[in-house]
Amino acid sequence: MGLPKQRGRPKKIEQYVGLPATTRVAKRQKAAGSVLVEFDEDEFMNWMTTHPHSSDHTSPVPPVRVQKQHPEAEPLDEPANFVENPFEVSSNETVECSSDTTDTDADEDYEFRVVDEDASHLTDAPSKHHQRERQKFVDFDNHKASMLAEYAKLVTANLTGCLCSIDGCENVSVYRCYTCRTAGIQKSAYCEVHAGIHWKETICHRILDASDEPLQHNSRRLDCCEMSPVHSGHVAQLSTQDWSEQIIYHTCSSHSVSSMLMGLGFMVNRAVKPDHAFAIPMVQVALKSRIHGTSYESCAGIFFSDSSKSARNKGLYQPFMDAVRFFSGLSQAVHHGSVHAPDTVGWGKTLCPMCEGNGDGEYPVVLKQMDGFESARKRSVKYGGGHNHGHYSWARQFWCKPGEDYVARASEKGRHIAVESLGCSSRHHSGEEERNLAKKRNQQSQYDRIVHQGCMHDFFERIFNAKGERLLYCDTVIQMIREQYPNRELALSYDVICKEVAHLQQPYMLQTKIKMPYIAVLPVMHAQAHSKECQVKFSPRIIAGLGTKLDGEGVERENSRLAKSIGLTVGETEGNRELDISLIAEDYNCSKLRSALKIISHKLDLAYVDLASIEAAIGQPSDLNRGSYRDFIVENNAWRTNLMNDYRCRKSGMTSVEEMMYLLREQADDRGRAITRTRKILKSHMGTNVASKLRRHLKSQFNQLKAILEELNNIGSTTSDITIQQIIDELELKGKSEEAWIQKYWRGVEDIYHWRHALWNFIKFYEKRVDSQHGQWVLRLKAVDACDSPLPCKEAFKAILRRKLSEDTGFLERGRNLDRSYATSRQPYINSHLNQVHDGFKQKIHKLHFQLKF
């Protein structure tokens, strides 16, 4: 393994008692002489000239001369009964980390060095990859002269001694078509006569003479047909990546200039009387760039800016932006096979096949999630935001309007709602911002966020413009999902689901049609910010039903994707902002669809591996040592009830000191669990770039746990102090009890149940779409035959639909192949247990957890 990348001056790093990790040394400390290393510049340069680089991603490490050592520092934590170092890593490499784990000096230069046990630096021989990469530089240097010569001839006319490229013409070439030449067409030199002919046969080709002067011609005239008027033409500028040209177009009342230019390969900036049109390949590239976070101005600048003028000064920025936005609708229709009738069948949006493929209701639950995204705000017009000039019809498929605000209506009727009755008072402030911040945001923003809802397979489904993350959006989502899936139960993840559940239990909500979700959970990460009572009720790692592979945090991954370009939408008009967000959501859904089978396979493999490890711990399967799924649910609810009662009893009968000790012990257990998880992950990431981050995280958790135990032992009255090893041993002992193994087993079965049904739904979804009798594409092909479009248009529509049919058939075949690989369960007895899980969802035995009232 090569040396890790380092910055700054080298220094010696010794092995420290405790966790091997990284040492961070600030530059100002080096200047003050606090580091015990002397840097010899002459020796360093000598070492650089005599040692090869081990990798292009690593810096060479020179030898160092170590000064006399100061007295060795005390170990961070080494109690008497610390039998085994819980942070020991299975590797012959050791790394040291300082005790200061704060990230306050982010702008300073830090070092990272790997040393062997005897403090000698690891210097591996150059790898094959390193040799190949080095050879690329050598090869380029050897060929750069010839490549430069050919490139010079490519970007200049180079007409000396060159004859006309047209067969039979022996005249000397006067003009060169750069567009043809850069496109790989060998015949690009023309005499004056054939240059004029070539100009008439092509549009927007860059034809220059030896002095870089263009071929002089009058503006090109374009007629739609023989009935086009002779006079009253309109001027438009056609632009490609390397040339622009003015045309005068004449159209009759039966033809459209936008359609005529589209047939020539240009997208207009407006459909009626356009004054600009752009080559479609440029528009396609700009659309993809915009989806991935590039501004429209940057896209226009890439194509049209030069050393003298920018795209905005040339007057091309606004027309190009309009062309890209309108082209997105055409691209959407082609992508979803709705080109023949977008107003009838809809423009189309990418759906989750793992949710929509269950039309027969065999899978009794639908998995949804929602969240707010505060960065997606829209600045009000008063503060410089855009107006609302209209909406793009193909973008409105994601956007919804919220329903009635029942909280506001109850307040208007004088029904006072206590704050404490609307869920836990957690440290998570979603939905309850500070008043000053909320007031300032409301004044400057027309909308201060979006609230979006999707499925737990990470597909966008609905988006709301929001003023504050109020409960009415969750009410609307629940009502819409109930109407969309009337025969399936709802499992909903929301970072303030505790407030929604308490809101739905209020008297004013009992008369509405909005019913409680079947399973309501907090996202795994957000649950840690809620109270212990709230975690017992809603944490997916405590309640039963969702296994361990559904975390509810998919909305954060969606927010991460939106964050790449959401800042560009703050000042846009309402319609343009909705379009840009919809394009990102659609692109994200497409990426999830492409990787859906890979994700399913990964989740199932992990679930089977987990069950195999459980089998190794609890022995051969039998109904006796696993019980039934119903028993597991009953025991889970009893366990959670006991946790709740124990928590309330402790909270009511504790003194202030006892309560402090209880909270500190909970924090210590949390750090111990984090250490155990990180150690497990680190074992599978040794030698990777993630390993150093994991070590730093492990060291940070170790230091936090040490500080917590010091505080706990200081205020405690026990004779013996609690140690780090004791915390970890107790947690491992709890996790290895028979009850814990059985719980893990049934949660693993739940994982297999959910993801096997996701695979089956995926297959059913595409079986319905490609069905030869009633499939979506077959029906649309028949609709094209019945329409009155011209024959060439019908053939084009059919070609697009056949392409979509072939694409969906490919998805279906890959899904069936994956299903065949899991058709015979690796443990046949699991099938009977999967049936028990299925019966449990059919019989709604998970509903018991809502008996835990606030």
Side-chain angles (χ1 to χ4, degrees), residues 329-364 366-367 393-394 397-398 454-455 457 459-461 481 483-488 585-587 589-601 755-823:
L330 308 181
S331 176
Q332 180 90 345
V334 171
H335 177 70
H336 292 287
S338 58
V339 286
H340 62 294
D343 295 332
T344 304
V345 301
W347 291 92
K349 71 176 181 179
T350 301
L351 304 174
C352 174
M354 294 165 280
C355 292
E356 303 298 326
N358 190 42
D360 52 6
E362 182 179 345
Y363 183 49
V366 58
L367 310 171
S393 56
W394 55 93
Q397 297 180 109
F398 282 99
C455 66
H457 310 111
F459 281 74
F460 283 96
E461 292 183 356
I481 294 175
E483 294 173 358
Q484 183 180 1
Y485 306 99
N487 301 321
R488 298 168 69 180
E586 175 64 24
D587 180 74
N589 286 359
C590 290
S591 66
K592 285 297 178 181
L593 179 61
R594 290 191 296 268
S595 59
L597 291 176
K598 182 179 179 180
I599 294 174
I600 293 174
S601 176
W755 289 102
R756 284 298 295 271
H757 273 284
L759 177 57
W760 293 337
N761 291 349
F762 184 95
I763 295 173
K764 291 176 185 177
F765 178 80
Y766 285 104
E767 284 178 344
K768 296 173 184 177
R769 286 167 70 98
V770 305
D771 183 73
S772 59
Q773 298 296 328
H774 306 288
Q776 172 178 309
W777 305 121
V778 173
L779 296 178
R780 291 191 181 183
L781 284 169
K782 293 179 180 179
V784 170
D785 287 330
C787 71
D788 55 356
S789 300
L791 182 60
C793 295
K794 286 186 177 182
E795 292 300 322
F797 294 159
K798 288 182 179 180
I800 292 174
L801 294 176
R802 292 191 191 101
R803 187 186 304 165
K804 296 301 298 181
L805 176 61
S806 175
E807 180 182 324
D808 286 359
T809 303
F811 277 119
L812 176 60
E813 290 301 319
R814 291 194 292 273
R816 285 173 173 172
N817 292 337
L818 182 60
D819 184 46
R820 280 192 287 268
S821 66
Y822 291 105

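The basis for the numbers below is simple: all heavy atoms, side chains too, and nothing from hydrogens, waters or symmetry mates.
- Between the side chain of N817 and the backbone N or O of E813, at least one donor-acceptor pair lies under 3.5 Å.
- For the atom pair CG of L805 and CZ of R780, the computed distance is 12.0 Å after rounding to the nearest 0.5 Å.
- With rounding to the nearest 0.5 Å, the separation of CG in L818 from CD1 in I763 is 7.5 Å.
- Atom CD of E807 and atom OH of Y766 lie 7.5 Å apart (nearest 0.5 Å).
- P790 meets the side-chain contact (heavy atoms from CB on, under 4.5 Å) test with P792, C793; sequence neighbours excluded.
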Side-chain donor-acceptor distances from residues 345-354 under 3.5 Å, at least two apart:
{"from": "W347", "atom 1": "NE1", "to": "S393", "atom 2": "OG", "distance (Å)": "3.0"}
{"from": "K349", "atom 1": "NZ", "to": "Q397", "atom 2": "O", "distance (Å)": "3.3"}
{"from": "K349", "atom 1": "NZ", "to": "E461", "atom 2": "O", "distance (Å)": "2.9"}
{"from": "T350", "atom 1": "OG1", "to": "E586", "atom 2": "OE2", "distance (Å)": "2.5"}

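- Contact of the Q776 side chain with the K804 side chain is not registered, since no non-hydrogen atoms from C-beta on lie closer than 4.5 Å.
- Taking the side chain as every heavy atom from C-beta outward, F811 and L593 approach each other to under 4.5 Å.
- Within the 4.5 Å cutoff, no side-chain heavy atoms of C355 are placed close to those of F765.
- A heavy-atom distance below 4.5 Å is found between the side chains of D785 and K798.
- Smallest separation of non-hydrogen atoms from L779 and Q773: CD2-O, 4.2 Å.
- Here the shortest heavy-atom pairing between F762 and A596 reads CE1-CB, 4.0 Å.
- Between E767 and K764 there is no salt bridge, since no side-chain nitrogen of the basic residue lies less than 4.0 Å from a carboxylate oxygen of the acidic one.
- In this structure, W777 CH2 and S772 OG are separated by 16.0 Å, a value rounded to the nearest 0.5 Å.
- Side chains of F398 and N589 form a contact here, defined as non-hydrogen atoms less than 4.5 Å apart.
- Looking at heavy atoms from C-beta onward, S789 lies in side-chain contact with F797 at the 4.5 angstrom threshold.
- Residues S591 and R594 meet the side-chain proximity criterion, which asks for heavy atoms closer than 4.5 Å.
- Between R816 atom CZ and L759 atom CG the span is 11.5 Å, to the nearest 0.5 Å.
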Is there a side-chain contact (heavy atoms from CB on, under 4.5 Å) between R756 and I600 once you walk through the steps? CA-CA 8 Å; R756 284 298 295 271; I600 293 174; over 6 Å; no
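- Residues forming a side chain to side chain donor-acceptor pair (under 3.5 Å) with Q484 (at least two apart in sequence, or on another chain): E356, R462.
- Atoms OH and CH2, on Y363 and W760 in that order, are 11.0 Å from each other to the nearest 0.5 Å.
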